[in-house]
Novice: 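Take this structure first; my questions come after.
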Amino acid sequence: MALNAIAHYPMSLIPANTHLSLRERQNAAVRSEIVQSGIKRFLDCGFDETTTDEIADDVGVSRRTVFRHFPIKEDIVLSWPLASVGQLRAAVAACPANEPPLVCMQSTIVKHVAAQAERHPGALLIAKLIEKTPRLRSRSHELTDAWESALTEGLIDRNPDQAAQAPLISVVAVATARLGARRWLAADGAITLTASINHAFDELALVGL
């Protein structure tokens, strides 16, 4: 989802839940600092060129602490989609019962993107970083599978009678959203990410799907 500036993209990693313990809030704050420092270095110096030790030094924690939060370096960049899986399932399950499945998928994905990635000014730079880095692209594809599974489970939670169709609907929805994201990237952010995703879903409706 790259510009020589720190991306505020990961700030959503700090939970708003006031019932979290002090230790949990501290861990979330450290995690967010690791992401912000890591992304800044990745954008400035390159993903492969940046070491975990450098990120740890920037944050003032040990290398071990970084690996405790992020066992692989790729997940520092992809922290938001990684943390989104459970949220997507719950959001789809909460869609109105009479809403067509693809409409539910569209509104869920667009609201999620608008509330998370799109509100952070570094989102386009991070997308460019992912696109040009093979290891990040590979991990991103793995997370796409996780999103599809979460959306499928949400549809089944919402309506168990759609269990047979749910995997296909989820694959189509995620593929449509990815097409919108690729067009947004190709346009260099000239249109918003949510507008591009909505346009892709509108095209899907025009062909009768």
Novice: What pair of heavy atoms forms the shortest contact from T108 to L88, and how long is it?
Specialist: CG2-CD2, 4.0 Å
Novice: Please say yes or no: joined through hydrophobic side-chain contacts below 4.5 Å, possibly via intermediate residues, are V174 and L185 part of one cluster?
Specialist: yes
Novice: Quick check against the 3.5 Å criterion: does R158 have a side-chain atom that pairs as donor or acceptor with the backbone of P96?
Specialist: yes
Novice: So does N159 get a backbone contact from the side chain of Q162, meaning a donor-acceptor N/O pair under 3.5 Å?
Specialist: no
Novice: Taking the side chain from R31 and the backbone from H69, do they hold a donor-acceptor pair closer than 3.5 Å?
Specialist: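 Yes, because the side chain of R31 sits within donor-acceptor range (under 3.5 Å) of the backbone of H69.
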Novice: Do you know the tightest heavy-atom contact between I76 and G38?
Specialist: CG2-CA, 4.2 Å
Novice: Indicate the atoms forming the closest heavy-atom contact of S79 with V35, along with that distance.
Specialist: OG-CG1, 3.5 Å
Novice: Is there a donor-acceptor pair closer than 3.5 Å between any side-chain N or O of S170 and the backbone N or O of A166?
Specialist: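 Between the backbone of A166 and the side chain of S170 there is a qualifying donor-acceptor contact (under 3.5 Å).
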Novice: Can you tell me how far CD1 of I191 sits from CZ of R183, rounded to the nearest 0.5 angstrom?
Specialist: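 Here the interatomic distance stands at 8.5 Å.
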Novice: With side-chain contact (heavy atoms from CB on, under 4.5 Å) as the test, would you mind laying out the steps for L151 and R89 before giving the verdict?
Specialist: CA-CA 5 Å; L151 293 170; R89 177 176 179 172; over 6 Å; no
Novice: Parallel, tilted or perpendicular: which one describes the rings of F47 and F42, with boundaries at 30° and 60°?
Specialist: tilted
Novice: To the closest 0.5 Å, what do you measure between CD1 (I39) and CD1 (I55)?
Specialist: 9.5 Å
Novice: So which heavy atom on I130 is nearest to which on S140, and how close?
Specialist: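 Heavy atoms of I130 and S140 come nearest at CG2-CB, 4.1 Å.
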Novice: Do H141 and R178 have side chains that get closer than 4.5 Å, going by heavy atoms?
Specialist: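 Yes, side chains in contact.
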Novice: Would you give the length of the straight line joining atom CD1 of I109 to atom CG of L102, rounded to the nearest 0.5 angstrom?
Specialist: 9.0 Å
Novice: Looking at T50, is its backbone amide N or carbonyl O close enough to the side chain of K73 to form a donor-acceptor pair, meaning the two atoms are under 3.5 Å apart?
Specialist: yes
Novice: Check whether any side-chain heavy atom of R41 lies under 4.5 Å from a side-chain heavy atom of E49, and answer yes or no.
Specialist: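 SC-SC contact between R41 and E49 ruled out.
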Novice: Decide whether V171 and L143 are clustered together by the hydrophobic rule: side chain heavy atoms of Ile, Leu, Val, Met, Phe, Trp, Tyr closer than 4.5 Å, transitively.
Specialist: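 Cluster IDs for V171 and L143 differ.
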Novice: Between K128 and D188, is there a side-chain N and carboxylate O pair less than 4.0 Å apart?
Specialist: yes
Novice: Is V92 linked to L168 within one hydrophobic cluster, defined over Ile, Leu, Val, Met, Phe, Trp and Tyr using a side-chain heavy-atom separation of less than 4.5 Å?
Specialist: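 Yes, because V92 and L168 connect within a single hydrophobic cluster, where side-chain heavy atoms sit under 4.5 Å apart.
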Novice: If I compare all heavy atoms of S196 with all of W184, which pair ends up nearest, and what's the gap?
Specialist: OG-N, 3.6 Å
Novice: With rounding to the nearest 0.5 Å, note down the distance linking CZ in R25 to OG in S21.
Specialist: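 Reported to 0.5 Å precision, the distance equals 7.0 Å.
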Novice: Please check if L204 and L179 belong to a single hydrophobic cluster, counting links between Ile, Leu, Val, Met, Phe, Trp and Tyr side chain heavy atoms closer than 4.5 Å.
Specialist: no
Novice: Hydrophobic cluster membership, with links at side-chain heavy-atom distances under 4.5 Å among I/L/V/M/F/W/Y: are M105 and V172 in one?
Specialist: yes
Novice: Is there a side-chain contact (heavy atoms from CB on, under 4.5 Å) between E33 and S37 once you walk through the steps?
Specialist: CA-CA 6 Å; E33 286 185 46; S37 175; over 6 Å; no
Novice: Checking side chain to side chain donor-acceptor pair (under 3.5 Å) between R63 and each of D57, D53, T52, which is the one that passes?
Specialist: D53
Novice: Please assess L155 against T152 for the test side-chain contact (heavy atoms from CB on, under 4.5 Å), listing each intermediate value before the final yes or no.
Specialist: CA-CA 5 Å; L155 277 179; T152 297; 5.9 Å; no
Novice: Would you find a donor on one side and an acceptor on the other, under 3.5 Å apart, between the side chain of R137 and the backbone of E131?
Specialist: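 The answer is yes, because a donor-acceptor pair under 3.5 Å joins these two groups.
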Novice: Checking V110 against Q106 for the side-chain contact (heavy atoms from CB on, under 4.5 Å) test, could you report, in this order, the C-alpha distance in whole Å, the side-chain angles of both residues, the deciding distance, and whether it holds?
Specialist: CA-CA 6 Å; V110 168; Q106 177 180 356; 4.3 Å; yes
Novice: Cut-off 3.5 Å, side chains only: do T65 and S62 have a donor facing an acceptor?
Specialist: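 There is such a pair (donor and acceptor under 3.5 Å, judged by atom type) between the side chains of T65 and S62.
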Novice: Do you know the tightest heavy-atom contact between L78 and L136?
Specialist: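 Closest approach of L78 to L136, heavy atoms only: CD1-O, 3.9 Å.
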Novice: Check whether any side-chain N or O of S107 sits under 3.5 Å from a backbone N or O of C104 as a donor-acceptor pair, and report yes or no.
Specialist: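 Yes, because the side chain of S107 sits within donor-acceptor range (under 3.5 Å) of the backbone of C104.
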